[in-house]
Each structure stands twice: as structure tokens, then as C-alpha cells.
Asker: 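Take a look at this one; I'll ask things after.
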Amino acid sequence: MSRAEEKRAAELREDIERHSELYYSHGKPEISDREFDALMRELIDLEREHPELATPDSPTQRVGGAPVEGFEQVAHDPPMLSLDNTYSLEEVEDWVGRLDRLAAGEPQGVPRAYVTELKLDGVSISLLYEGGVLRQGVTRGNGTVGDDVTANVRTIRNLPLRLEGDPPARLMLRGEIYMPRPVFDALNRLREKAGAPLYVNPRNTTAGTVRLLDSREVARRRLEVAVYQSATEIAPSHSESLEMLAGYGLPVRSEWQCCADVAEVEAYIERWREPRHEMPFDTDGVVIKVDQLDLQERFGRTSKAPRWAVAYKFAAEQARTVVKAISVQVGRTGVLTPVAELEPVFVGGTTVSRATLHNYEDLARKDIREGDTVLVEKGGDIIPKVVSVLTELRPGDSVPYEIPTQCPVCGEPVVRYEGEVAWRCVNAACPAIVRESVSHYVGRNAMDIEGLGDKLIDQLLAKELITDYTSLYSLKKDDLAGLDGWGEKSALSLLAQIEKSKGRTLAHLLHAVGIRFVGERVGRTLAEHFGDLDALVAASNEELEAVPEVGPKVAESVVRFFSDPHNQERFETLREDGVNLTQPRAESTDTDNPVAGKTVVLTGTLTGMTRGAAKKRLEALGARVSGSVSRKTDLVVAGEKAGSKLKKAEDLGVEITDEAGLLELLGG
Ligand code: IVH
């Protein structure tokens, strides 16, 4: 490569970036699209000839590369949480009230402030910059693990491949990818011309686009991104972080605002209620965040969402339709859910033909009947709901809906437990319950038996080849090979999947068998704490409650589950079939290090490393790093200017160490 070529590549890169910026950030292009494409073409050719010239931040990365086979899975650290929703100003006030109560008794520092932002209706993305260069883009996935869609993210033109200014060496960001309305409309016009089915709404189209395997196609779709959060601590408040991010050249939407109190929050919501329709992107609400990071940390999070932020959802679009029938769904736990079968109607961007009626109490309160004309609403949620009945349109012969006294699937009488709203079928052999529980058992986050879809489960149950999830392990090749459309090869491949599932961890198994209140996360906590099934089964309520994040409800449910003879029998069968009933030690195998299995809280400022790095290293040693101090905390590491957490630790008599002590624990 000659000096001249190297120089030309640098020149081209600079020109292209400048013209992109003129186009995207200022809306004032100086050259035509054609001229722009010519510059890009020249750079692509140069880089192809001299691959050493290609850098991850070269604008050519935006054109997209050859299709990939699939996406790598990447773990999120910290996890990508979702938000709790509110639907009225009262609910927003309730949220503030909850924060007030949580803060009561804490030392009063600077008054709490809020940041309000528009809630973009797209697809969330985690972005990683290292040394100022975009390294990775990962979808939310299940919040813990997502898909590495870096090649696709690089094609998003308003996202800088290299940051300006002086960003931290490692910067983890969270944002929303969306398809601007005009882009979506143009895409659909093209499809209409081509006679292709139209896309339903920008959000679904964005979700589909982000996960395309061919990034060249993604590049054509003109997605945009808005960054709304720094997952790396870069400033003491969210508002200052947003300003810094904008300073790095990142696309932070400018509509955000600082609010001193709930009245200002409400004014912001009101101010955007109407004008949001004029924006070139879909918004479904406002996100309200506590501004100060130390307060955020104090409020902490639940397993799903932060307590320090909440979404206010604008009233969803409504439409009128007719209830053709009311049917009943029997879920995995036996709960009967009434469902309205609707005359199909287009609402909130999709065609809706069924809506959940939640439960019979709700149904009776709204007095929904077959034949009624109703208002249905589709919010940001996938599941539409029936809002109200237009009683003036009710047919003369209509009769109130009656709650079934028998399970519509197995015919056994239904029951209602004290204090519960739900009616349940409690027949463990009810085909609906068995079907749903098998379907749950084989799920990807449970025992992960690929190829065992609901249709096949139905066939296996109908032919009595299985009776519950334990009987999957007795399936024989000939059982399967005899099914419609099945041959030896597909049978063997499914059997191999079933065999493989025996090696899943105890955590997966606990989630798979569907113990009430034990989902993925609690399942893992229990499995990691007890190490194997026998220890878990032997645990008393008190021992269970001593486990971090396990409360009396979970403890009670676990004890009840394992004292049920049916469940005992099932686990015996699983054991005999060779299903793994143990949990590998969390990451670390080094059990004699002093922090393994301990709950540690980091507070204050560390000088030698970031808190995130300390957390990672502690976790690698088998510790659990928590955000708040409680009686279950084993150790508090107090950095400089440690505040309320240190005080609480002292009050509770929890062991405390400083940064030097931490370094010692980490082995220097
Ligand atoms: S903050 C821990 N801010 O809404 C912080 N989210 O319903 C959690 N979203 O998954 C998110 N605009 O994809 C935040 N300004 C905004 C947002 C926003 C859109 C999305 C995001 C999140 C979802 C939760």
C-alpha cells in the first residue's frame, strides 16, 4: 500500500463522516446521494484491496457485510431491565409516594429530582464502546442474555462508530432502535407496489430488521437509534450523563427535561400528550427517572425493573368490535382464563381477534356477554384487552355470562382458593394442564428440548405416548417414528435432544417443573445455594428464607411442592432416568476463597477500579453482589465517601472492610 492510498483512505473517511453528519444531524446535505455513494464506493474498493486499512470505525462498516449464520449470545452486565408501567397521573403520584416511603428514615441529602424522557416505541439495544470505538451491539433478549447484532447496528447511520471528545475507555450504553415513520411508510409503499404483504407497524418491522442475518439489507432499512441511558457510571446524575453522551456525539433525543417535583413531571406528560403524534417516530409514553445516581442505587430494583424509574403509558388506541364468543383457556397452573373471541378489528397497529378477559371477577364487573359490542384497546402490550361494553348496542336476548363450574377441558369441578380471584382446575391429569406444563418443561429457558413444539406435544398426549413431562424420558424411537410425517431420522434427533436435556442444571430443572413463584431467577438462586436437589428438599422454611431474595411466599411454595407425593414421585422418576439434579458451582470452583457464596455490598467510591469491575471480580469468585444492605449481607466494602449503606451496615453489625481489604480478598 502506498502512502498516497493511505492518505486517500483517511481523506475519504473524513469526508464521508462530515457529509453523513450534515445529512443526519443537520438535515443540510451539501452533496447528492449519488456523489455520497461514489465516495463510499471508492473507500470500499480501497479497503478491499488493502484490508489493513479497514478499521471497525470506518464508515464502510455501515454498508453491511455478508450474511452471517446466526447470532452469538452475549450476557448483559448489568442486566437489561424493563420498566413498570403506570397508566394515570395518580399512579405516577403513587410511585413518587412509594419512593418517599422508601426514603423515609434515610438521611436527607439533596432534594430528589427527576428526568422525564419520551418513551420511544422500538427495540432496546445495549451498545458497547471501547477506546471510543463502537465494539458491540446486543439485543435485549431475555434481559440477561441477548443476540450480538453488531454488524447490523453498525449500519445505523445516526450512531457514531467513533466517539468525539474524551469518553471513558469502556462505555456501556442503552438505547432504542426505531424506524422513523416516514421510512416505514416509504417501505410499505414499495411493498404495496411489489404486491408484497404490508408491514404492520414500525416497531415490529424494527424488531425483524435488527435480527436480519444479512446486514446489507439492514443498511437499506434506514433504522435510527436513540441513546437513553449510560450503564457505565460517568457522572453523578442521569441528566449530566445524558449531556456528556450528547457531547460524545451520541444520538441523545433532546426532548428530555429535568423536573424538580411531581407537578413538573405531570406538566411534561401533559405537554407531550398531543404533540407526540407529530413526531417522526412512535412514542408510547414518557419515562420518568430519578436523576441522582446515588438515590437510584438506594432505591434499587426488583428482579424485573428498577424502582427508580417508571413508564407512563399514554392511553392506547381503542376500537369497537363484537364478542363472537367467550371461551376458556386452562393454563399450566390450572387457572381458567376467559377469552373473548372477537370479530377481527384493526387496533394499535395490528389486527386483533382475541382478547383476554383476565379473570371471571373482571368479566363479571364489566358484565361482558357473548354478542356484546365492546371497546378493545391495544397498548404497548401484545395482548389486547376489552375495556368496556357499549350496553346501548346489546342484543335484546343477551344473557349474562356464567362462570363454568367444571373445567372445560377435563370436566372436573373447578375450585377457588381462599383469598384468590382465580378459578382453577386442580386435576393434575387435566390434559390442558399437562400440555401446558410439558410445553413449559421443554422451553428454551427450561430443559431446552428443541423440536418438541405444541403440536407434537398434543399428538404425543393424544396417542398416550406421554402422560407428563417425566414420561418424555421413556419415549422410544418407534413411538415417534410412527407419528404422522415422522421418520427414523427425525425421531432419533428428537431423542438426542431429550437425552441432552438430562444434563441441564438443577436451576433449569427447578424452573422447568413449574413450582409456584419459582421462575428462572429464583430457580437459579435456590440451585446455587443448595447445590443439589436433596439439600433443597431437606431445607426447612427457615433455611429457605435465609437464602438471599427468598421470602416466606417462595419458601412456603417450595416446601409445599416437595411434600406433594406426586411431585416426589416425579422427581424419583427423573432421578432414575438419569436427569441431572445438581448445580455446578457458580462460575468459581474455588470454594475455599473467603467470599465464595457470600453476599457483598459495594458502596462509596473506589479509587483503584470501578465498582463494576470490582463486582465482576467478586462474582467470578462466587460472591453475590447486592445493591442494598440488609441482615442477609455478609460484607460491606466501603469506599471513599460511603454514606447511608455504611451507616446501615454499622447499625446491623455487618462486617465492613475498605478498598485495601477488598484488594486482599481479590488476591491483590
Ligand atoms: S429506561 C433501567 N428510557 O422501554 C432503564 N427506556 O418498557 C430501563 N424505552 O426496555 C429503560 N424509551 O427499550 C428507558 N427513554 C427511555 C426509553 C426506554 C424507550 C424502552 C426500553 C425499555 C422499555 C421498557
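Note that ligands are numbered from 1 as they come in the structure, with each ligand's atoms numbered from 1 the same way.
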Asker: Please check this pair: side chain of Thr283 against backbone of Lys119, looking for a donor-acceptor N/O pair closer than 3.5 Å.
Answerer: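 Side chain of Thr283 to backbone of Lys119: no pair is present.
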Asker: Any salt bridge linking Glu270 with Arg273? Criterion: basic side-chain nitrogen under 4.0 Å from a carboxylate oxygen.
Answerer: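 Arg273 and Glu270: salt-bridged.
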Asker: Hey, are Gln73 and Asp147 close enough side-chain-wise for a donor-acceptor pair under 3.5 Å?
Answerer: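 The criterion, which ignores hydrogens and geometry beyond distance, is satisfied for Gln73 and Asp147.
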Asker: Using the test side chain to side chain donor-acceptor pair (under 3.5 Å), find all partners of Lys289 that sit at least two apart in sequence or belong to another chain.
Answerer: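 For Lys289, the residues satisfying side chain to side chain donor-acceptor pair (under 3.5 Å) (neighbours in sequence not counted) are Glu117, Gln229.
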Asker: Run through ligand 1 for me and note each protein residue having a heavy atom under 4.0 Å from it, chain first, then residue number.
Answerer: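 Lining ligand 1 at under 4.0 Å, by heavy atoms, one finds Leu83, Glu117, Leu118, Lys119, Leu120, Ser124, Glu176, Tyr228, Val287, Lys289, Pro306, Trp308.
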Asker: Just to verify, what does Tyr228 make a ring pair (Phe, Tyr, Trp, His ring centres under 6.0 Å) with, not counting sequence neighbours?
Answerer: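 Not a single residue meets the ring pair (Phe, Tyr, Trp, His ring centres under 6.0 Å) criterion with Tyr228.
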Asker: Please list all pairs meeting ring-ring contact (aromatic ring centres under 6.0 Å, His included) that have one or both residues in residues 125-154, counting only residues at least two apart or in different chains.
Answerer: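 Passing the test, one end in residues 125-154: no pairs.
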